[in-house]
Amino acid sequence: MPDSLIPQTTEFQRELLGWYRHHRRSLPWRDAPSLYKTVVSEFMLQQTQVKTVLPYLARWLEIFPDFAALAAASEEQVVKNWEGLGYYTRARNLHKLARALVALPSPPRTREAWLELPGIGPYTSAAITSISFGTPAAVVDGNVVRILTRLTADGTAFRDSAAASKALAPLADALLNRAEPGDHNQAMMELGATVCHRRTPLCTVCPVRPYCAASRRGEPELYPRLAPKLIEQLAVTRLWCRHQGKLLLHRTAGDARRLANLHELPALEHAGLGESFFAGDTPIATKKRGITRFAITESIYAIQAAKLPRGTADRPGLVWVTLTELEAITLSGPHRRWVTELLASEP
DNA sequence: AACTCGGGGCG
DNA sequence: CGCCCAGAGTT
């Protein structure tokens, strides 16, 4: 392991923590910290930027102020308040977690015990226990991977960020300030978010620049080395079908791995229609979206209910929804926007 | 170990 | 457009 940094660990920790005390952003889970706020924010922040999370978290804390309120809510209500954030399994797991915690005499205090709970992995268990209980567990997220590979100029070609996190865990642990693990962990992530940017990092204001091999070489952007991902182009055709004030939607099965119980505009396959059903017609809207490794172009075609093949609307998953019901049900983020937009542009 | 899950920010 | 974001669960 490239660890020329290790002998200077104490100095590194002191500079990092000193910087953090002065420069940390004021964030809702830092102001009046509580276990509940820490847990909810960590779930929302999985693979999601701070800026995106802020409005969701504020609303969430109003509606579900503590574990008891969350545990008492229905799953439907919980997922509805996650609408637009994505990775909806996180919401279901957070809900399950709340129900598991209120059934215990007190929340666990060890990383191992938290790891057993739903939605909690290596990162989140370390984050929660270090921040809330002072447990000496080092977090390794995307920020930490970037900082550690730069500190040591580690040019290893990692398959993906998960492989990098695993490989860098020992170094993260060696650098952990065991007297202040929560602030140390947050300081590492704060540094990654506000100074050690993926591109054009602000090395001139970096508190740990003296310990950074990549900065010395003048090429911090070379790290980390991650394999490029292949983006696949995909085309989806969807229906816009209005009838007697209602809108035809597709509801994904509750046991599906993706978008379980969520609604979207029906795709051709949901309606049992062939690929060429709308051949020659003009879509009322064309939308682009990205989903992990897919770049999807969605074409939406208006069709009268009477022109659908008989029995189409009775197919499994298809539902007629009134505009009043539409507000209460959960749509995926993009579909919520598109539907709102298309309704507003109706004559 | 490799895949999958949604969505948005930003260069 | 492509990469990344306070990752975890499943296969």
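A note on names: the letters A, B, ... follow the listed sequences, proteins ahead of strands, and every chain is numbered from 1. Both backbone and side-chain heavy atoms feed into the values below; hydrogens, waters and symmetry mates do not. Just so you know, these numbers come straight off a predicted model, no measurement behind them.
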#### Entry: Nearest-angstrom distance, C1' atom, C:dG9 to B:dG8
23 Å
### Message
Are A:Tyr56 and A:Trp60 an aromatic pair, judged by ring center distance below 6.0 Å?
### Response
no
### Task
Flag the pair A:Thr48 / A:Leu85 as yes when at least one side-chain heavy-atom distance between them is below 4.5 Å, and no otherwise.
yes
### Interatomic distance, A:Glu221 CD vs B:dG11 P [rounded to whole Å]
13 Å
### Task
For residues A:Leu191 and A:Pro207, report the shortest heavy-atom separation together with the two atoms involved.
CD1-CD, 3.6 Å
### Message
I need the CD-C1' distance between A:Glu264 and B:dG7, as an integer number of Å.
### Response
12 Å
### Message
Can you check the distance between C:dA6 and B:dC3, where both ends of the measurement are the C1' atom (answer in whole Å)?
### Response
22 Å
### Query
Base, sugar-phosphate, or nothing for A:Arg24, non-hydrogen atoms under 4.0 angstrom?
nothing
### Query
In whole angstrom, what separates A:Arg257's CZ from C:dT11's C1'?
8 Å
### Query
Within the pair A:Ser332 and B:dG7, is there a side-chain N or O less than 4.0 Å away from OP1 or OP2?
yes
#### Entry: Atom-pair distance (CD1 on A:Ile291; C1' on B:dG7), nearest Å
8 Å
### Task
Tell me what A:Ile120 touches on the nucleic acid: a base, only sugar-phosphate, or nothing, going by heavy atoms under 4.0 Å.
sugar-phosphate
### Task
Describe the nucleic acid contact of A:Gly84 in one word from base, sugar-phosphate, nothing, applying a heavy-atom distance below 4.0 Å.
sugar-phosphate
### Message
What is the distance, to the nearest angstrom, from the CG atom on A:Asn93 to the P atom on B:dC5?
### Response
16 Å
## Note on the structure
Rounded to whole Å, the CD-C1' distance (A:Gln49 to B:dG6) equals 14 Å
### Nearest-angstrom distance from the residue atom CG of A:Leu45 to P of C:dA6
8 Å
### Task
For nucleotides B:dG9 and C:dA8, find the distance between their P atoms and express it as a whole number of Å.
23 Å
### Task
For A:Lys287, look at atom NZ and say whether over 12 heavy atoms of other residues, nucleotides or ligands are found less than 6.0 Å away.
yes
### Message
I need the NZ-P distance between A:Lys51 and C:dA6, as an integer number of Å.
### Response
13 Å
